[in-house]
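One structure below.
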Amino acid sequence: MRPSDRLFQIIQILRRSRRPLTAEAIASELETSKRTIYRDISTLIGQRVPIRGEAGLGYVLEGGFDLPPLMLTSDEIEAAALGARWVQSRGDPALARAAADLIAKLAAIVPEKLRDVALDPVSRTGPAWEPTEDRIDLARVRGWIHEGKKIALGYSDEQGRATQRILWPVAVGYFDSVRHLIAWCELRRDFRSFRTDRIASAEFLDERYPERPSVLRARWRKTIKEN
């Protein structure tokens with residue numbers, strides 16, 4: 001790997017991490033030595049990249065720093081295109097349109113020699129199964145999740161038993177043929193998953209739930225790991 005490429009990758013590694021990273025961890029990912037990473041970190045700091053930390057404790061990239069746009073590698077473009085094609089074939093209509101737009105934008109902004117990586121990637125997704133019909137506007141659901149607002153739901157389970165729920169929505173799960181609304185359920189006092197094709201009715205309430213969406217989502221992820 002060229003030194004300039006390695007410097008760029010160090011910034012990328014630090015940017016995607018939410019906690020300090022040691023030189024040893026960075027060196028392991030880049031398959032180089034700690035000594036090289038220490039030298040590269042010093043070079044980046046000398047170039048006024050806002051990296052904070054010290055040897056043995058780890059390094060973080062401070063907020064507010066960004067790289068020049070469009071500095072994407074071939075693998076990054078292919079990863080974005082592959083993910084976008086999966087969403088295009090399996091997402092709800094709003095996300096499917098957004099995925100198609102994303103592919104078109106990638107092809108328009110990347111260097112010409114990398115355009116085919118976006119438009120005709122060698123990595124492919126399998127054919128989508130026949131999707132079930134959503135009985136709720138998922139674009140609006142995502143908006144309510146961002147705003148931390150409640151949803152009143154009429155729901156029928158696998159046995160056809162109907163219930164009325166007040167939900168604190170936290171996430172939408174996309175699978176090959178079905179989609180799930182994940183939420184804290186006031187009735188069950190716990191997190192529950194609701195298939196969108198079994199929703200009988202939905203009322204989007206203006207009432208905010210008491211937790212921040214990100215905090216509630218972190219609690220849900222913790223329950224997944226514990227189970």
Tell me, do [X] and [Y] make a side-chain contact under 4.5 Å, heavy atoms counted?
{"X": "Thr196", "Y": "Arg135", "answer": "no"}
{"X": "Leu21", "Y": "Ile13", "answer": "yes"}
{"X": "Leu7", "Y": "Thr43", "answer": "yes"}
{"X": "Asp134", "Y": "Asp197", "answer": "no"}
{"X": "Arg85", "Y": "Pro121", "answer": "yes"}

Applying side-chain hydrogen bond (donor to acceptor under 3.5 Å, both in side chains), name anything that partners [X], two or more places apart in sequence or on another chain.
{"X": "Ser28", "answer": "none"}
{"X": "Glu78", "answer": "Ser123"}
{"X": "Arg142", "answer": "Asp92, Tyr174"}

Kindly compute the distance separating [atom1] ([X]) from [atom2] ([Y]), expressed to the nearest 0.5 Å.
{"X": "Leu44", "Y": "Ile10", "atom1": "CG", "atom2": "CD1", "value": "5.5 Å"}
{"X": "Lys150", "Y": "Glu203", "atom1": "NZ", "atom2": "CD", "value": "12.5 Å"}
{"X": "Leu167", "Y": "Phe191", "atom1": "CG", "atom2": "CZ", "value": "11.5 Å"}

Which residues satisfy the ring-ring contact (aromatic ring centres under 6.0 Å, His included) test with [X], sequence neighbours excluded?
{"X": "Trp144", "answer": "Phe204"}
{"X": "Tyr59", "answer": "none"}
{"X": "Tyr38", "answer": "none"}

Only distances under 3.5 Å count here; give the side-chain donor-acceptor pairs of residues 30-37 to other protein atoms, sequence neighbours excluded, each with its distance to 0.1 Å.
| from | atom 1 | to | atom 2 | distance (Å) |
| --- | --- | --- | --- | --- |
| Ser33 | OG | Thr36 | N | 3.1 |
| Ser33 | OG | Thr36 | OG1 | 2.9 |

- How about Glu24: does its CD atom have over 12 heavy atoms from other parts shown lying under 6.0 Å from it? no
- Query: If you draw a 6.0 Å radius around CZ in Arg140, do more than 12 non-hydrogen atoms from other residues or ligands fall strictly inside?
  - Reply: yes
- Query: Phe175 and His180: aromatic ring centres closer than 6.0 Å?
  - Reply: yes
- Distance-only polar pair, side chains of Arg165 and Thr163, donor-acceptor under 3.5 Å: yes
- Message: For the residue pair Trp168 / Glu211, report whether a side-chain donor-acceptor contact shorter than 3.5 Å exists.
- Response: no
- Of all heavy-atom pairs between Gly91 and Ala96, which one has the smallest distance, and what is that distance? O-CB, 4.4 Å
Under the salt bridge (Lys or Arg N to Asp or Glu O under 4.0 Å) rule, collect the residues that match up with [X], sequence neighbours excluded.
{"X": "Arg6", "result": "Asp40"}
{"X": "Arg198", "result": "none"}
{"X": "Asp190", "result": "Arg192"}
{"X": "Arg161", "result": "Asp157"}

- Among residues two or more places apart or on two chains, list those pairs meeting salt bridge (Lys or Arg N to Asp or Glu O under 4.0 Å) that have a residue in residues 102-123. Asp120-Arg124
